[in-house]
Amino acid sequence: MSQAAKQDANEPTRTGLSRGALKRAVLDNLFYVMGRFPEVASASDRYSAVAYTVRDRLLERWIRTARYYKERNSRTVCYLSAEYLPGPHLLNNMLNLGITRTAGEVARELGADLAEIRETEEEPGLGNGGLGRLAACYMDSLATLQIPAIGYGIRYEFGIFDQVIVDGWQVEKGDTWLRNGNPWEIPRPKLTFPVGFGGRAEHYTDKHGVIRRRWLPDLMVNGVAYDTPIMGYGVTNGNLLRLWKSEAPESFNFQAFNVGDYYGAVHAKIEAETLSKVLYPNDEPVAGKELRLKQQYFFVSCSLQDMIRLQLRNAGTLDRFHEKYAIQLNDTHPALAIVELMRLLVDEHFMSWEQAWEITRNSCHFTNHTLLPEALETWPVALFERLLPRHLEILYEINRRFLDEVRVHFLNDEERVARMSLIDESDGRKVRMAHLAAVGSRAINGVAELHSSLLKTTIMRDFHDLWPERFHNVTNGVTPRRFMVVSNPPLADLISDTCGHADWIRDMRRLRELEAHADDAGLQGRWREVKTAAKGALSDWLGQHTGFRPDPETLFDVQAKRIHEYKRQHLNLLHIVWLYEHLKQNPNAELTPRTFIFGGKAAPGYFMAKLIIRLIHAIGEVINSDPQVNGFLRVAFMPDFNVKNGQRLYPAADLSEQISLAGKEASGTGNMKFAMNGTLTIGTLDGANIELRDEVGHDNFYLFGMTAEEVQQRQAEGYRPWELYHGDAQLRSAVDLIASGLFSHGDTELFRPITENLIHSDPFMVLADFHAYQERQQEVDRAYRDPNHWTRMSILNTARIGKFSSDRAIAEYAKKIWQIEPAPVELAD
Ligand code: GL7
């Protein structure tokens, strides 16, 4: 018997993890699922065959988990999020199953290459940026910490657009992630819930003679469940990501069809399917569109109906719904859950208002993710009423009772009552979603210490006055599985080698063990080799995709995130332009050769952000082709920054730019992903940067700029950027160089919106922080020239980053917010 066959014989199920079992399964799947024999299989066929092989192995564990949770009737977290950015599944799932190495060998034996297979995978881009990626990190940690959880969301047919660059401009291309099928999801056509829209509410008398209220919608849509297993790392537990696809209740309106109105007959189908068609590509500012409100209600209603179904099946009554479920509202997008749960309990399950409110308010918890005023969701009352007439009535009743409570608490303060109301009466009547979320939730949290404390003094101040005990902070975290082990295997191996174990992957505080070796010349050398190799790989990729291959010997200075004025990519650009001028004037200046690398998408309707992308390319074009500065200064742009491309970037960065105006970035999570990979940060005292700097040590972080308090003060005094512009020759000359047309073939109009905005209004105080930024950058420049010192700082960043694991964040939610315990699942029955 061959070695593989012997191993197989010992495996209990067809989903064994041995080399032989895996190999046979891949060939089987290629043949029976994809209908191919190996000689004619395409890369995509090979990917699918491997993916199905891995999926089968997940299912085994996942189904056991579901059965176990059902038997125990475990308390369950229901994470409601309009966005998820899980990234490619294949390698992550292999890692969690512990078969990465074996799978690589199997691929080789079959004449395929795991790297090529991995490149073929399309990622589900079902989110815009940090908020959606955070939801995915939390799903990973919930499973790893063995906490029963369901992530509910929308199965957008088209996720975030693909970004291509044409003549330096961003061009959006539709994302067709489902084109080749999606091996990770399991459609559940039986699990379908009806969702209504429009119509009216009316009184009726029930069979007991009681007068009740009910909703008669005039449009019905079905939500069909699509399930994706989310495995924990190194455990048997697997949780569930359940995304809803909208469908028409019947594919044809037969009556219309029979009278010959063929188009009319399919119209309802098209309208219904539009609901889950496309993700709104706006990052922070809200879309404010009718379809968006429909999407929110659609997924919230399906999710609550699903929870109610499960609770009735298990307990027979909804009286203890809140003991079974901890619902987490990921920002205000799912805040309608509060009204919908009330409607379901009162109108459909005939519960008293008081009991229903008790249950609702004890089930829901709300995370706020931004203080930017333009991102606070409100909906015109008229629109709300047209789509959800019964919900508006319920919302009014919640508001009436709530405002009475406010009046009793703060006697004679009608101004406060108006400020806190769920309805904003000041400028057309609007529903305030953040107020709804706050009123209907047991706990309210921000996502970094600074953010949570600013919440209490700014947008949520009145609510904090009323209910201080409801406010919490849970600083964000990211998963080390994806952002270290999957993205950067050589670094993960080096760390495990140095520490003598791989337990840090599950217990990130143990990275501290690296500290003892930070000065060790051997480790430093290997650490640099790993970084340089990652830089080489990134350079190759950029070379292939943009035609410009940066020199891996230069310092890689990276700013990768959504393009937004508050994140201040233009501060970075001003510094680059200043450096360029400086070099031209001082050809012998001592300077560390640097490549500035940008990445990020702009919302398609955000003019300034798109112009910033154009400016990055314009500056790059001039600088990169100027032989006078070429040895020292280059600019690159990574197109289509997403999870997959992020994984190429984080390992390769020497310096990470976290330079938002203090008080604007709620947390930021890119800062954590870079630091995990030994990247040093240059940053402001904003969001989680503050805590990151405290953790890694002030000497290992390049701090600059105003504090949030100074920003407020400066704004209160009246900020006059034109005075800064006129008073600082270097700053003026950098702005002027952009305005001069040097970067736009003589066109002095193209970038005028940026330069004029900076001089005359500068809402994100780029000019005020410029000088401090430039000084800090000079320090970076000097420090990088001492490789041992730099490498030591790099090692210390990784060693001290443990706090920012999403495992820590989820453990905090479990304890402080949800009061939920782990439920470990054993593989054997
Ligand atoms: C965000 C914040 O801007 C970001 O700072 C935070 O890290 C993230 C997750 O909490 O949430 N808020 C938001 O609306 N988006 C974010 O990325 C889109």
Side-chain angles (χ1 to χ4, degrees), residues 79 81-85 125-139 141 159-160 279-288 292 296 328-335 365-377 433-434 437 444-452 454-455 459 472-479 483 559-568 600-603 606 609 641-643 646 656-675 681 683-692 708 764 804 806 809-810 812-813:
Y79 200 81
S81 179
E83 301 192 5
Y84 289 92
L85 273 177
L126 310 182
N128 275 287
L131 177 140
R133 179 56 229 178
L134 187 79
C137 283
Y138 284 179
M139 289 306 294
S141 285
I160 187 69
L279 165 79
Y280 277 97
N282 305 59
D283 197 38
E284 231 109 334
V286 287
R292 170 92 173 168
Q296 295 183 350
Q328 190 66 36
L329 307 174
N330 197 26
D331 216 289
T332 54
H333 319 143
H365 314 79
F366 165 50
T367 306
N368 169 285
H369 292 271
T370 179
L371 301 170
L372 294 191
E374 67 267 33
L376 289 178
E377 280 196 300
M433 300 302 271
I444 301 163
N445 77 284
V447 290
E449 272 166 24
L450 172 71
H451 169 64
S452 295
L454 288 174
L455 254 190
I459 57 171
H472 301 266
N473 172 60
V474 183
T475 299
N476 283 167
V478 302
T479 168
F483 291 107
Q559 186 170 17
K561 48 182 79 243
R562 283 298 281 250
I563 311 290
H564 208 300
E565 286 163 281
Y566 87 78
K567 297 179 189 277
R568 303 202 292 191
K601 296 178 184 178
Y606 186 176
F641 177 61
N642 53 16
V643 179
S656 133
E657 300 269 352
Q658 307 299 336
I659 60 179
S660 52
L661 176 65
K664 297 291 176 192
E665 187 74 89
S667 160
T669 44
N671 44 8
M672 304 166 188
K673 296 164 197 169
F674 281 111
T681 305
T684 47
L685 284 178
D686 199 13
N689 288 355
I690 300 175
E691 292 156 74
L692 194 142
F764 301 103
F804 302 99
S806 43
I810 285 299
E812 275 186 41
Y813 276 101

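Whatever order the structure lists ligands and atoms in, that order sets their numbers, starting from 1. The figures here come from the full heavy-atom set of this structure, side chains too, leaving out hydrogens, waters and symmetry mates. By convention here, the first residue in the shown sequence is residue 1.
- Aromatic ring centres of Y813 and H365: separated by at least 6.0 Å.
- The shortest N or O to N or O distance between H369 and ligand 1 is below 3.5 Å.
- At a 3.5 angstrom cut-off on N or O pairs, E665 counts as close to ligand 1.
- Taking OG1 of T332 as the reference point, atom NE2 of H369 lies at 9.5 Å (rounded to 0.5 Å).
- Heavy-atom proximity to atom 6 (C) of ligand 1, evaluated over G130, A688, G668, G127, is greatest for G668.
- In this structure, N128 has no heavy atom closer than 4.0 Å to ligand 1.
- Neither side chain, D283 nor N128, offers a donor N or O lying under 3.5 Å from an acceptor on the other.
- L372 contributes atom CG, which lies 5.0 Å from atom CD of E284 (distance to the nearest 0.5 angstrom).
- Between the side chains of E665 and S667, no donor-acceptor pair is found at a separation under 3.5 Å.
- Side chain to side chain, T367 and N330 fail the donor-acceptor criterion of an N or O pair below 3.5 Å.
- Per-residue contacts place Y566 under 4.0 angstrom from the following atoms of ligand 1 (heavy atoms of the residue considered): 3 (O).
- Atoms CG and CD1, from D686 and I659 in turn, are 11.5 Å apart once rounded to the nearest 0.5 Å.
- Counting heavy atoms under 4.0 Å from ligand 1, residue V447 touches it through the side chain alone.
- Taking a cut-off of under 4.0 Å to the non-hydrogen atoms of S667, the atoms of ligand 1 that pass are 5 (O), 7 (O).
- Remark: ligand 1 and E284 share an N or O pair separated by less than 3.5 Å (distance only, no angle test).
- Note: no N/O pair closer than 3.5 Å links L134 and ligand 1 by distance alone.
- For ligand 1 and D283, the ligand atoms under 4.0 Å from any heavy atom of the residue are 18 (C).
- Looking at T370 next to ligand 1, no N or O pair under 3.5 Å apart turns up.
- Listed here is the closest heavy atom pair of V447 and N473: C-OD1, 3.9 Å.
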